[in-house]
Every structure is written in structure tokens, then in C-alpha cells.
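First the structure, in the form of C-alpha cells, and then the observations on it.
Reminder, nothing fancy here: chain letters follow the sequence lines and each chain counts from 1.
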Amino acid sequence: MTNTSPELLHGTLDALVLKTLAAGRRHGYGIARAIEDATEGVVDIEEGSLYPALYRMERKGWIEAEWGLSELGRRAKFYRLTPKGRRQLTAQTAEWTRFAAAISRVLITP
Amino acid sequence: MNPFNRVWWRPPVDDEVDEELSFHLEMRTRELIAAGMDPAAARGEAERRLGDLGRMRNTLHALGAKRNHHMARTQYLGELRQDLVFTARQLIKNPGFTAVAVLTLALGIGATTAIFSAVYAVVLQPLPLQDPSRLMLVGEVWEGRPQVMSVGNYVDTDAAVPDFEHGLAAFNYANYNLADETAPERVVGARVTANYFDVMGVRPVLGRTFTADEDRPGNDRVVVLSHRLWTRRFGASESAVGRELRMNGAAYRIAGVMPKSFDLTADSEELWTPIAFTPAQRAMHDEHYLSVYGRLKPGVSRQQAQAKLDAVAMRLRHDFPKDDETVSFGTVPFVEQFVGDVRKRLLTLLAAVGLVLLIACGNVANLLLARGAARAREISVRTALGAGRGRIVRQLLTESVVLAFCAAGAGLLVARGAIVAVMAWSPNDVPRLDQAHIDPLALGFAIAVALVSSVLCGLAPALRLARRDVQLGLRDGGRGSTGGLRDRLRGGLIMAEVALSLLLLVGAGLLIRSAIALQRTNTGFEPHGVLSARVTLPETSFAEPARIHETLRRINEAAAGIPGVSSAAITSYAAMGNGGGSNGLVPEGREPIAANFINSTLRVITPGFFSTMGVPIVKGRNFNDGDRADGQRVMIISARLAAVAFPGQDPIGKRIGCCEPGPDALKVVIGVAGDIRSRGPAVAPKPEFYLPIAQTPDVVWNWFRTVYVVVRTTGDPAAIVKPLNAAVALVDRDLPLFDVRTMEQRLAGSLATARFNTLLLSLLGAIGLVLAATGIYGVIAYFVSQRTQEIGVRMALGATSGSVVRLILGQALRPVAIGAVVGVAAALGASRVLSSQLFGVSPTDPLTIAAVVATLIGVALLASAVPARRAAAVDPTRALQSE
């Protein structure tokens with residue numbers, strides 16, 4: 001939380017979590033693993049930020065939690081996307097695309 | 001558990017955080033071991049990745065709690081919306097129920113709100129004076145309370161007691177005839193000391209008040225106008241200040257205008273002039289007529305001031321043994337003095353409307369119970385589907401709150417109407433009543449009353465309904481399993497309603513009996529056909545007593561000469577209402593000390609008084625033209641005075657000293673007149689005496705300058721108003737008649753307060769009775785409908801319809817009888833608050849109580865007779881088949 005621009009990190013982390021959950025419900029560890037796998041380790045997410053982000057998003061009503069059994073038969077807290085979260089994902093994706101395009105224009109133009 | 005922030009599917013936040021984090025660590029450790037790490041290192045690595053575990057736990061805990069709180073609120077609001085929508089649908093689906101419940105509550109809430117606004121305007125609303133709690137009326141104690149003071153006592157007290165800010169202020173009412181280009185007008189004003197406005201704590205909005213220099217004889221032709229007079233007479237023009245105003249024939253310069261808020265009541269004084277005591281007046285310790293006000297200095301208590309007042313009184317008793325032999329001083333807060341005994345009357349009324357509101361709540365509770373029984377099945381289904389008891393109670397309470405709020409809306413309309421009606425009907429002796437209106441405060445009060453009544457009428461039915469056993473409700477198909485009068489709650493409601501309405505009716509009954517007794521009281525004079533009017537002879541143009549006598553004689557003659565007038569008289573005081581004065585009389589031979597004074601009402605009259613007013617001379621003779629200014633001093637005394645002054649003796653020829661010093665003080669009694677209830681039918685006759693106007697001691701004209709013209713007419717007295725005005729204008733066109741009313745109107749006026757209270761309380765009693773009757777009917781009708789089957793069985797087994805009716809009536813009358821007993825007990829205890837308003841009847845009058853109980857039981861029987869007959873008409877076969 002100290003060495004990275006929090007704004008960029010927050011927005012990005014939220015978007016990544018939402019995207020991960022769009023495929024179906026997952027527990028916190030599952031979300032972390034999914035992001036690591038999907039970005040092939042390029043984005044090694046800060047685990048200390050993941051859980052607070054999850055709680056915040058739950059409060060905002062983007063995701064909701066329920067208790068269930070993990071693949072190994074242990075009780076775990078699962079998160080899933082709400083309709084509101086799905087709309088948020090679309091908005092953040094669009095935002096990210098616009099942002100990335102703008103940055104690219106600056107960096108790639110010779 | 002508190003139903004308002006429960007989130008039933010969540011474990012506590014602590015467990016949630018711990019379990020989630022430990023799951024994460026376990027999974028990560030497992031993964032690292034699978035990748036080849038040794039278990040201890042894997043665990044360490046997993047923890048390292050997660051960061052500071054303690055801090056994380058705290059952060060998550062705070063976030064979780066915040067999230068729970070937020071979600072609970074969201075859930076609560078969602079449920080509230082659900083409840084409201086559901087309630088609205090329910091109420092619209094049952095328009096009959098809704099209308100009856102809303103109207104019943106609206107009646108109660110409206111009446112309570114209306115009386116509350118009156119209580120607020122009259123009693124609670126702070127006076128528009130600076131720090132009114134420190135403002136006191138200071139006076140000589142007379143009949144147990146501080147009243148007016150003599151000028152000498154005022155001057156000496158003011159000099160000796162330093163506890164009052166700006167000193168003590170003196171006030172005396174004075175009538176003024178205003179005359180300029182427009183028609184003469186008579187206004188009530190007051191003569192006040194220069195510090196009066198400072199003591200009251202008000203500043204003029206325009207100009208200034210008096211200087212101490214202007215408060216001296218010869219220097220005092222200045223006037224301060226009230227906002228009302230300034231607006232009426234000068235169109236609120238700022239240029240009025242500095243102009244001259246002709247008052248009582250002299251020119252006064254207008255110094256300033258007081259603020260609108262200082263028009264304390266609709267009929268308060270309209271102008272102020274300096275009182276400008278002469279040195280002779282300042283030395284006079286007899287003649288008590290000044291109202292004196294003082295503002296306690298900050299930090300000085302009434303007790304402290306009282307100690308100093310006591311010291312002054314002791315000195316005055318010593319220095320002026322003749323005038324001040326028994327003098328003592330006291331204080332009373334100005335607010336108390338200002339509001340007077342109206343406070344108690346209004347609070348009694350507020351209590352009475354409170355009772356009506358309770359009865360209304362009882363009825364609505366009854367309605368809700370009956371409806372609840374019909375809805376038992378619906379509730380059972382909802383409970384079976386997982387709704388908790390708290391949730392059900394909340395839903396049902398939402399219904400009664402919505403009902404109560406609808407009722408508050410309708411109630412405000414009721415209150416507005418009631419306020420208008422109360423103002424139109426009320427006697428004008430209630431200060432500031434005209435300021436009662438529906439304002440934000442009254443609105444808040446109505447809402448508070450609505451909330452309280454929704455809980456009162458909704459809670460018990462809701463709890464009862466929610467407690468029902470789910471299975472039972474489903475099994476017996478919604479048939480109330482707690483129906484009937486054995487039902488304690490319903491019986492209790494009937495009992496309470498009966499007791500409350502009995503209380504109201506006993507109050508109304510006592511007041512009605514008082515009103516009848518008052519109507520039958522012989523006042524001692526014959527008011528029918530008598531017209532009376534007042535006229536003021538101002539000092540400025542009538543300084544000479546001879547001129548006063550001459551003018552009054554001519555007015556008397558002119559009045560007597562009007563066609564349709566059989567006799568006329570001038571008197572310093574007629575009866576009922578304002579005017580007159582009283583004196584301490586000493587029969588000859590008794591020592592002239594205060595203990596021997598007989599306080600008696602004085603009337604200075606022309607001989608026509610007795611025939612005009614219809615008062616008999618029971619002994620001796622009337623005054624006649626022979627009782628001249630230079631003749632022997634004579635007086636006529638009332639029978640009451642004769643009995644007090646000369647018990648067991650013939651008063652004729654005896655002499656009584658009064659009214660003036662010197663040899664003329666002793667007056668010979670030449671006649672005895674019948675007693676008059678001068679201060680109203682409810683007040684026992686006081687000792688009274690009469691002097692012929694031709695022999696009026698000069699000093700009397702310092703006491704009052706307003707007299708009554710009374711005429712007895714052969715036809716309608718109202719037809720004489722115009723000719724009488726014209727006749728007086730012919731004598732002196734600067735003397736306007738005012739307060740022109742028939743004696744019958746004056747008599748009615750003196751009873752107006754009693755009549756108004758009687759009317760209001762009777763109305764409330766009637767409303768209470770009707771509500772209670774409806775309540776009883778509702779419960780019995782419900783009882784019969786629930787017991788149709790049982791009645792059928794009884795009849796099939798041979799019960800006659802007569803025995804069925806008796807069964808039902810018996811069931812109904814038990815709670816009624818208990819309620820009546822409770823109500824009588826309460827009435828015996830509470831009716832004492834009315835005792836000051838009662839006349840000729842005791843607060844525990846057995847006849848009234850018996851009549852009220854009989855009425856209530858009769859009405860209760862009637863209300864239950866209808867459903868009882870319906871029960872008797874049950875066809876046994878159909879009743880049995882219906883199951």
C-alpha cells in the first residue's frame with residue numbers, strides 16, 4: 001500500500017477481482033490464485049490489500065458473500081458478483097481501456 | 001435480539017475474519033508445500049505474503065462492522081418500504097375499516113391538538129417581555145393575595161426596597177375620550193410611572209417613552225400609543241410621533257409608539273400617559289387602586305424581596321395606624337397574575353380531551369383486534385414462511401402508525417375547525433386565546449400524539465396476533481381461537497372505555513347541574529327590559545363637582561324623556577361587570593379601626609335606580625328631591641349590610657360613617673334595599689350601600705369618573721340604543737356612550753364562562769359516550785359472530801331465544817359493570833378539580849353520578865341488544881352445518 005500509486009492499484013485491483021468473479025463464485029484465496037494465473041505471474045497481487053478490497057466491495061453491494069464448502073471440504077467464504085457489480089465491471093473495463101489507450105498514445109508515439 | 005439490525009445469515013464479524021484468513025493461510029501453505037517447501041517454511045512464507053496479520057485483522061474487523069451496519073440499514077429500509085406498501089394495500093382493500101379507524105382517531109387527535117394550541121397560546125407561550133420570570137406584581141395582601149396599593153404605600157415601598165431593577169412601577173387604568181377631526185372615540189388607557197416600560201422590559205418601536213421629568217403634575221401632557229391604536233387612528237404613519245392628540249378635551253403630545261407584541265391581549269389598554277402624582281397623592285395612604293409591578297434584580301429571590309417588603313409594612317403599620325393598621329405586602333409572578341384561573345380551566349379541558357383520545361384509541365384497538373382475528377390465517381402463513389415474531393409485530397405496528405398519521409392529517413383539519421369554533425364561542429375573559437392557531441408546534445404535537453396513540457391502540461393487538469401458535473392458526477382455518485368475551489383484552493378495553501366516559505360524563509353532568517342552578521338563582525333585580533350604557537366625565541372638562549352633578553342630572557332627564565322609557569337612572573355601578581368601588585363602613589358607636597370596617601360596595605345613584613333596576617325597598621323610604629346637597633346626609637343600605645351592621649335591630653335612623661372625613665361622614669340610614677348578586681349569580685350578595693348623587697362626597701369623583709345610565713323600557717330595549725345615544729349627545733356632544741348593553745346581556749355575559757365550559761365538557765362527554773357505545777357494540781357483535789356455532793348447539797339442546805339474549809347481555813354487562821365501578825371511584829377522586837366551577841352542587845353529587853351510571857348502562861344495554869337479538873335469531877341447523 002505504500003510503494004504503489006494507491007489510486008491505480010485500487011481501481012485496478014477492484015476491476016481484476018470483479019473480472020475474476022464474473023466467471024463464477026470464488027473464495028478469497030481462489031481469487032488471488034486466479035489473478036496470478038491469468039496474468040501469468042506478471043501481476044502478483046498484494047495479498048494484504050485483497051481482503052480489505054473485498055470487504056469494501058461487499059459494502060458497496062458489488063459482490064456478496066456466502067458460506068459454503070471448499071473443494072477440500074472445508075468451510076469457506078465465497079464471493080459472487082451482484083448485478084450492480086457486473087455493471088461496475090463494464091464501467092471499469094471501459095475506463096481502463098480509455099486510460100490505457102491514452103497512456104499508450106503518450107508512451108508509444110516516437 | 002433487536003430486530004432492527006439483525007442480519008440473520010451472518011456469523012459475528014470476529015469469527016468471519018479469523019476463519020477467512022486462516023482458510024487463506026492454510027490453502028497458501030498447502031500450495032507452497034506442494035511446490036516443494038518444507039511445512040514450517042511454507043507456513044512462514046504464507047504469513048509473510050499476507051503482511052501484518054494483527055493489523056489486517058483489525059482493518060477487516062472495522063470494515064466488516066461498517067459493512068454489516070450499512071447492510072442492516074439497507075435491509076431495514078427495504079423492509080419498511082415493503083411494510084408501507086403492504087399496509088397501503090391493506091388499508092385500501094378495507095375502506096370501511098380504514099375510514100372508521102381514521103375518523104375515530106382524527107376526532108381524538110384533533111380535539112387534543114386544538115385544546116393544546118389554546119393551552120400553549122394562553123398558558124405556556126412566553127410573554128413578549130424581557131425575562132418575564134423576574135417580573136412580579138407587588139401589592140397589599142387582601143383576601144390572601146397581593147392586590148392593589150395606595151399611592152402613599154407605593155411611594156414608601158419603592159423608596160425602601162432596593163431589590164427591584166428600575167424601581168417599582170405603578171399602573172392605573174384610565175378612560176380617555178379621543179376627539180379630533182373624526183368622531184369621538186373612547187379608549188381604555190393607563191396612567192403609569194415613567195419607569196413602567198423599563199420595568200416591563202419593552203422598548204418603543206418609534207419615538208421614546210416618558211422622562212422622569214414628564215412624570216410630574218403640570219408637565220404630563222404626553223402620550224405613548226399602543227401599536228393597535230397607532231395603526232387604527234394614524235394608519236401606522238411615522239409622522240404621528242410629535243403630533244398632538246386631543247384627549248379628554250386637552251392636547252397631548254405623542255412621544256412614541258410601543259411594539260405590536262406589547263398589545264398583550266385583544267382588549268388590553270391602548271395608550272399610556274404619565275401618572276404624575278401630586279405631593280398630596282404621594283402622602284395618601286388610604287384609597288387603594290394602584291397596580292404595582294417590579295422586576296427582581298438578577299440573583300434576588302422572591303423571599304429576599306419579601307423580607308424587605310415585610311420590614312416596610314411593619315414601619316407603615318406604625319407610621320399610619322389609621323390607614324395601614326393591617327397592611328402587609330406580597331408578590332406574585334406577573335405571568336400567573338396575567339393568566340389567572342384560566343390556567344386551571346384549560347388544563348382540566350386538556351385532561352378531558354385526553355380522555356376522549358384514550359377512548360378513541362380503545363375503539364381503534366378494538367377494530368384492530370377484530371381485524372387481526374380475521375387475518376389470523378394470513379399471519380400464520382407468513383410465520384410459517386419464516387417471518388419472525390418481531391417482523392410480524394413490526395408489520396402490524398406499521399399499520400397502526402400509518403393509520404395514526406392519516407388520522408393526524410385529518411385531525412389537523414378537525415383541530416382547525418375546533419379552534420375557530422372555540423374562539424367564536426368562548427367568553428372573552430381568556431387572555432391571548434386569539435393567538436391560538438395551528439403552527440409547527442401544534443403540528444409537532446399532533447404527530448407526537450399520533451405516534452403515542454398508534455402504539456396505544458396497535459401494540460396489544462399486534463403482540464397478541466404475533467404470539468399465536470402457527471400450527472393452531474393453520475389448523476383451525478383462521479377461526480379465532482381466542483374469541484368471545486372471556487377474552488381479557490377485549491373485556492379490559494370495554495371496561496376502560498366505560499370508566500373513561502363515566503369520568504367525562506360525571507364532569508359534564510356536574511357542570512350542567514351547576515348551570516341549571518345558576519339559571520334559577522334570583523339575582524335580586526329584574527333584568528328584563530333594562531338597557532344600560534356607560535359614560536365617562538373626564539377630569540379636564542369636569543373639574544367642578546357641581547358641573548358633574550348638573551350634567552348627570554340633565555342626562556338623566558333626557559333619558560327619562562325618551563318615548564318607550566318608563567324610568568331612568570344614573571348610577572356609579574349597575575351590576576355584572578366592571579365599575580363601582582367599595583368602602584369600609586363603621587356604624588356609629590364603634591371604634592374606627594380596621595377590624596370594625598364593613599367592606600361594602602358603593603353605588604351613587606339618582607332616585608330612579610330602584611324602580612329602573614327592579615330592586616325592592618324592603619324597609620324605610622327611597623331617596624327623593626328633598627335629599628339635597630345642603631341637607632342631612634342619608635344612605636340606603638342593603639339587607640345584607642343591615643344584617644351585618646345592626647344584627648337584630650331596626651337599622652332605620654341609625655348612623656354609619658363612611659367615605660369622607662369631617663362632620664358629613666356620618667350618614668343616616670333611611671331605607672333598606674333588597675340584596676343584589678352584583679358580581680354574578682354564582683357570587684353570594686355582599687354588603688352594599690347607596691348614596692344620593694346630589695350628596696356625593698367630592699372625593700368620590702377622584703375614585704371614578706365613569707357612570708352608568710340605566711333605563712327601563714316598555715318595549716324592546718335594543719330599540720332605545722339610538723335614541724339614548726342621541727339624547728346624551730344633545731346634552732354634551734363630547735361624551736360618547738360606551739359598553740351599551742341590555743342587563744340581560746350583562747347577566748348572560750357573567751355566565752358566559754360557565755356556559756362555555758359546560759358546553760365544551762358536555763360535547764366531549766357526548767363524544768366519549770358515542771365512542772364507548774360503538775366500542776361495546778363492536779365487541780359484542782364480534783363475540784356473537786364467533787359464537788354462532790356454540791349458540792346453535794345451545795339452541796338445539798333446548799335453550800330459548802330469551803335465555804340466549806340473557807347470556808349475551810350478561811357477558812356484555814360484566815366488563816361494563818366493572819368499568820362503571822372503576823369510573824365512579826375515579827370520578828369521586830377527580831371531580832374535585834372542578835369544584836371551583838361548580839355552583840349549588842357538590843363534586844360528589846350522588847344524583848349526578850347515579851344518572852350518569854344509569855345512562856351509561858342503558859347505552860351499553862342498547863349497544864349490545866342489537867347483536868344479542870341477532871344471536872337469538874340463529875337457526876340451529878344452519879349454524880351447525882356451517883362448520
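If you tally non-hydrogen atom pairs under 4.5 Å between each of B:Val17, B:Leu25, B:Leu60 and chain A, the highest count goes to B:Leu60.
Residues B:Glu19 and A:Lys77 are not paired through a salt bridge, judged by the lack of any N-O separation under 4.0 Å between the basic side chain and the carboxylate. Ionic pairing of A:Glu36 and B:Arg28 is present here: one or more N-O contacts between side-chain nitrogen and carboxylate oxygen are shorter than 4.0 angstrom.
Contact annotation for A:Glu64: neither backbone nor side-chain heavy atoms come within less than 4.5 Å of a heavy atom of chain B. Proximity to chain A (any heavy atom under 4.5 Å) is shown, for B:Leu53, by neither the backbone nor the side chain. Both the backbone and the side chain of B:Met27 come within contact range of chain A, judged by heavy atoms closer than 4.5 Å.
Partners of A:Tyr51 under the ring-ring contact (aromatic ring centres under 6.0 Å, His included) rule, at least two apart in sequence or in another chain, are B:His24.
Sequence neighbours left out, the pairs with a member in residues 438-463 of chain B that pass ring-ring contact (aromatic ring centres under 6.0 Å, His included) are B:Phe116-B:Phe445.
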